[in-house]
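One structure below.
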Amino acid sequence: MLSILSSAGWDNFVAGFNDFTSAMTKFFTSGLGKIVLFIIVAIIGFILIKLFIKFLKKIGKRIKLDQTVYNFLITVIKFVLWVLYVLTLLAIAGVPITSLVAVITALTLGVTLAIQSSVSNLANGVILLANKPFKIGDLVEINGVTGTVVDISIFNTKLRTANNEIITMPHNVTINNPIIDYTSLEMRRIALDVSVSYDSDMTKVKEILLETIKEQELVLQDQANSVNLAKMNSSSIDFSVKVWTATENYWDCFFALTESVFNKLNENNIEIPYNKLDVLIKSNEPKQIEFTPNKKKD
C-alpha cells in the first residue's frame with residue numbers, strides 16, 4: 001500500500017495536477033478566461049491592498065516612530081502597491097506594459113528633476129522627523145531666525161517669533177544650518193556684563209552683585225552662580241554675572257536681575273560709566289577774532 005502511495009499514486013497525482021494547470025492555463029488565456037481572471041485579480045488585489053494598509057496603520061500605533069514619518073512611509077507603500085495593481089490588471093487585459101513602464105519612468109524622472117528642490121525638502125524632512133533635533137513647542141534658532149516651533153511637516157518647519165510672526169523654514173535650510181534649541185534642557189544660564197567706573201571699590205561692587213543674586217527668587221541658588229572681574233576697558237571695568245534659572249523663567253529672571261543690578265548700584269553710589277565728553281577751557285578771557293574779507297584786485 002505504501003509503495004502504491006509513494007510511486008503510482010504520486011505519479012497519478014502529478015499527472016492530474018498537470019492536466020488541471022494546463023486546463024486552467026488554456027481557460028484563462030482564452031477570451032472569457034481573461035475576463036474572469038481580470039475580475040478575480042481586481043477584487044482580490046483590491047481587498048488585499050486595503051487589508052495590508054489597515055494592518056500597517058495598526059502596527060504604526062504600537063511602534064515608537066514619529067507618526068508623520070510613519071504616515072509618509074505608508075503613503076509611499078500605498079502608492080507602489082496601487083501602481084503594481086494597475087500594471088497587473090493592464091497586463092491581464094493584454095496591454096503591452098513594457099512601453100507603458102518606460103513612459104512612466106521617463107515621466108517620473110522628468111517630474112523629479114522639475115521638483116528637485118521639493119524632493120530634497122521631502123527627504124530632509126524625513127531625516128529631521130526621524131532624528132528629532134527639536135519638537136513642537138521648543139524655542140529654537142535656525143539660520144539666524146529665533147522662534148517657537150508650531151508645526152513640523154514633511155516639507156518645512158513653521159516658527160512663531162516673539163512678534164507673533166509665522167516664519168516657514170524649508171527643511172533644506174534647516175538641515176544645512178546649526179540648530180540651537182533653547183528649551184530642550186531644564187536649566188539655562190544668564191550671562192550679564194556689568195560695567196562700573198575705575199573709581200569704584202571693586203570689593204564692594206562684587207559684594208553688591210552677589211547680594212543682588214541672592215535676592216532673586218527666580219535664580220537657582222543651589223547652582224554655581226558667580227560674579228567675576230572679567231575685563232578692564234579703557235573707561236570702565238566689567239564684571240561678569242552668571243546665574244542659573246529654570247528654562248521657562250529665563251526672560252523673567254533676566255529682566256528682573258538687570259533691573260535689580262541697576263537699582264542696587266545706584267543706591268550704593270556706584271558709578272555706571274557712559275560715553276561723555278569733558279571739555280577743558282584753559283582761559284576764560286575772551287578773545288577777539290577779526291575777519292577781513294579778501295579784496296578783489298582791479
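All heavy atoms count here, side chains included; hydrogens, waters and symmetry mates do not.
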Going by atom type alone, with no hydrogens or angles, which donor-acceptor pairs under 3.5 Å involve a side-chain atom of residues 175-184 and a protein atom two or more places apart or on another chain?
residue	atom	partner	partner atom	Å
N176	ND2	N172	O	2.7
N177	ND2	V173	O	2.7
D181	OD1	T183	N	3.1
D181	OD1	T183	OG1	3.4
D181	OD1	S184	N	3.3
Y182	OH	E141	OE1	2.5
T183	OG1	L139	N	2.8

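- Residues satisfying the side-chain hydrogen bond (donor to acceptor under 3.5 Å, both in side chains) test with E267, not counting sequence neighbours, are none.
- L51 CG to L56 CG: the interatomic distance, rounded to the nearest 0.5 Å, is 11.0 Å.
- For Y85, the ring-ring contact (aromatic ring centres under 6.0 Å, His included) criterion is met by W82, not counting sequence neighbours.
- Take S195 and apply the side-chain hydrogen bond (donor to acceptor under 3.5 Å, both in side chains) test, not counting sequence neighbours, and it matches D238.
- With sequence neighbours excluded, no residue forms a ring-ring contact (aromatic ring centres under 6.0 Å, His included) with F239.
- Separating the CG atom in L84 from the CD1 atom in I49 is a distance of 8.0 Å, to the nearest 0.5 Å.
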| field | Residues K158, I167; criterion side-chain contact (heavy atoms from CB on, under 4.5 Å); working and verdict | value | CA-CA 6 Å; K158 291 185 178 179; I167 296 179; over 6 Å; no
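- Across every non-hydrogen atom of P273 and S197, the tightest pair is CD-N, 3.7 Å.
- Here the side chains of T148 and L159 are not in contact, with every heavy-atom distance at 4.5 Å or above.
- Note on Y198: it clusters hydrophobically with L209, by side-chain heavy-atom contacts below 4.5 Å among ILVMFWY residues.
- In terms of the ring-ring contact (aromatic ring centres under 6.0 Å, His included) criterion, F262 has no residue partners (sequence neighbours excluded).
- For the residue pair S260 / N263, no side-chain donor-acceptor distance below 3.5 Å is found, with atom types taken as modelled.
- Using a 4.5 Å heavy-atom cutoff, the side chains of V196 and E271 are not in contact.
- Not one N or O on the side chain of S200 forms a donor-acceptor pair closer than 3.5 Å with the backbone of M202.
- Among residues two or more places apart in sequence or in another chain, the side-chain hydrogen bond (donor to acceptor under 3.5 Å, both in side chains) test is passed with T161 by E165.
- F254 places a side-chain heavy atom less than 4.5 Å from the side chain of T258.
- No more than 12 heavy atoms of other residues, nucleotides or ligands shown are found within 6.0 angstrom of CZ on R160.
- Here K135 pairs with D138 under the side-chain hydrogen bond (donor to acceptor under 3.5 Å, both in side chains) rule; sequence neighbours left out.
- In terms of the side-chain contact (heavy atoms from CB on, under 4.5 Å) criterion, S234 has no residue partners (sequence neighbours excluded).
- Counting heavy atoms from C-beta on, the side chains of I152 and L128 never come closer than 4.5 Å.
- Atom CD1 of I53 sits about 6.5 Å away from atom CD1 of I77, to the nearest 0.5 Å.
- Other residues sharing a hydrophobic cluster with I166 under the 4.5 Å side-chain heavy-atom criterion for ILVMFWY residues are V150.
- Between the CG atom of N225 and the CG atom of L220 there is a distance of 7.5 Å, given to the nearest 0.5 Å.
- Taking CE of M169 as the reference point, atom OG1 of T157 lies at 8.5 Å (rounded to 0.5 Å).
- At least one side-chain heavy atom of V219 sits less than 4.5 Å from a side-chain heavy atom of C253.
- Taking NZ of K204 as the start and CG of L265 as the end, the distance is 10.5 Å to the nearest 0.5 Å.
- Residues satisfying the salt bridge (charged side-chain N to carboxylate O under 4.0 Å, His left out) criterion with E215, sequence neighbours excluded, are K264.
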Extract all donor-acceptor atom pairs below 3.5 Å that involve side chains of residues 241-248 and protein atoms in other chains or at least two apart in sequence.
residue	atom	partner	partner atom	Å
T245	OG1	L218	O	2.7
T247	OG1	L185	O	2.5
T247	OG1	E186	O	2.9
T247	OG1	M187	N	3.3

